[in-house]
Amino acid sequence: TAEVRPRVSGIVLERVFEQGSMVSEGDVLYRIDPEPFRVQVESAKATLLRAEASQLLAKQQADRQQELRERKIASDQQRDSAVAILAQANADVAAAKAGLDAAQLNLEYAEVKAPIAGRIGRAMVTEGALVSSSVSLATVQQIDPVYIDFTQSSSDLMRLRQALEAGVLNSPAPGEAKVKILMDDGSAYEHPGTLLFSEATVGPTTGQITLRAEVPNPDGHLLPGLYVRILIEQG
């Protein structure tokens, strides 16, 4: 699950997505007014041009002072001053380029995109709203595949591991076991899942081990927060 939040502040001009639909990672969901950020980009470009002009002049002066110093016309101090001015001009150009990159990045952030692929819920804001990074615009839930968490005793887990290591169970991959899912009404879910031993954690107060199964959900029948029953093959 991922909350959709803007990275820049501004007025929402358009909501692009349809509520409750499936979205892909990178899809544009909202458009924030980009004009203030375009102005910042143009200002940053002008600052960079000015810095590059100063850099060109400083380079010419440094080259001239070096030539005069070789001819013993200019002093070491004049040459060193010209070199220092050139170094400062180079730093100004680097700072101007960074400012331009930041302005262009903010302009790109005016399009709020989906952080993950999944089903998007209802819109939290409407067109015309002033938003900032603290405002949640929508929530995207990845529902294919889904994770199912359940608890087992440590003895059950040890027996399951030993059965896998002994080859009693057919394992889809090393360190994995097959699981089946029953819905609330007792009907079997058509897609089998995989038990992920690498995701196991131990509850410090109960000593119970929380296991995680990964289950394909192409039809979207399994929803976040749903309770199901897990069947683990043990022989």
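Just the heavy atoms: all of them, side chains too, but no hydrogens, waters or symmetry mates, feed the values below.
- Atom CG in Leu211 sits 12.5 Å away from atom CD1 in Ile148 (nearest 0.5 Å).
- Listed here is the closest heavy atom pair of Pro216 and Pro192: CD-O, 3.3 Å.
- Side chains of Leu29 and Val23 form a contact here, defined as non-hydrogen atoms less than 4.5 Å apart.
- Although no hydrogens or angles enter the test, the distance criterion places no donor-acceptor pair under 3.5 Å between the side chain of Asn106 and the main chain of Ala103.
- The number of heavy atoms from other shown groups lying within 6.0 Å of CD (Glu35) is above 12.
- Atom CG of Leu223 and atom CZ of Arg119 lie 6.5 Å apart (nearest 0.5 Å).
- Tyr189 places no side-chain N or O within donor-acceptor distance of the main-chain N or O of Lys180, the cut-off being under 3.5 Å.
- Taking the centre and axis of the six-membered ring of Tyr30, the NZ or CZ atom of Arg15 falls outside the cone set by 45° and 6.0 Å.
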**Study point:** Worked verdict on Val135 versus Val125 for side-chain contact (heavy atoms from CB on, under 4.5 Å)
**Key:** CA-CA 9 Å; Val135 176; Val125 300; 3.9 Å; yes
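- Scanning all heavy atoms of the two residues, the minimum distance from Ser136 to Arg5 falls at N-NH1, 3.8 Å.
- Side-chain atoms of Ser75 come within 3.5 Å of backbone N or O of Gln78 as a donor-acceptor pair.
- Under a 3.5 Å cut-off, the side chain of Glu111 and the backbone N or O of Val28 do not form any donor-acceptor pair.
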Practice item. Please step through side-chain hydrogen bond (donor to acceptor under 3.5 Å, both in side chains) for the pair Asp92 and Gln55, ending with a clear verdict. Key: CA-CA 8 Å; Asp92 291 340; Gln55 181 190 42; over 6 Å; no
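- Atom-to-atom distance recorded for Arg229:CZ and Ile181:CD1 is 13.0 Å, nearest 0.5 angstrom.
- For the atom pair CD1 of Ile120 and CG of Asp27, the computed distance is 9.0 Å after rounding to the nearest 0.5 Å.
- Under a 3.5 Å cut-off, the side chain of Asp219 and the backbone N or O of His221 do not form any donor-acceptor pair.
- What you find for Val131 and Pro6 is that their closest heavy atoms are CG2-CG, 4.0 Å.
- Remark: the backbone N or O of Phe17 is not paired with any side-chain donor or acceptor of Ser21 at under 3.5 angstrom.
- Rounding to the nearest 0.5 Å places CG of Leu107 at 9.0 Å from CD of Gln40.
- Connection of Phe37 to Val16 is not established within any shared hydrophobic cluster, with ILVMFWY side chains joined at heavy-atom distances below 4.5 Å, either directly or through further cluster members.
- In this structure, the side chain of Ser187 does not engage the main chain of Met183 through any donor-acceptor pair within 3.5 Å.
- No more than 12 heavy-atom neighbours from other residues, nucleotides or ligands sit within 6.0 angstrom of CD on Glu18.
- Ser81 contributes a side-chain N or O that, together with a main-chain N or O of Gln77, makes up a donor-acceptor pair within less than 3.5 Å.
- Counting only distance, with no hydrogens or angles, the side chain of Asn217 and the backbone of Ile143 share a donor-acceptor pair below 3.5 Å.
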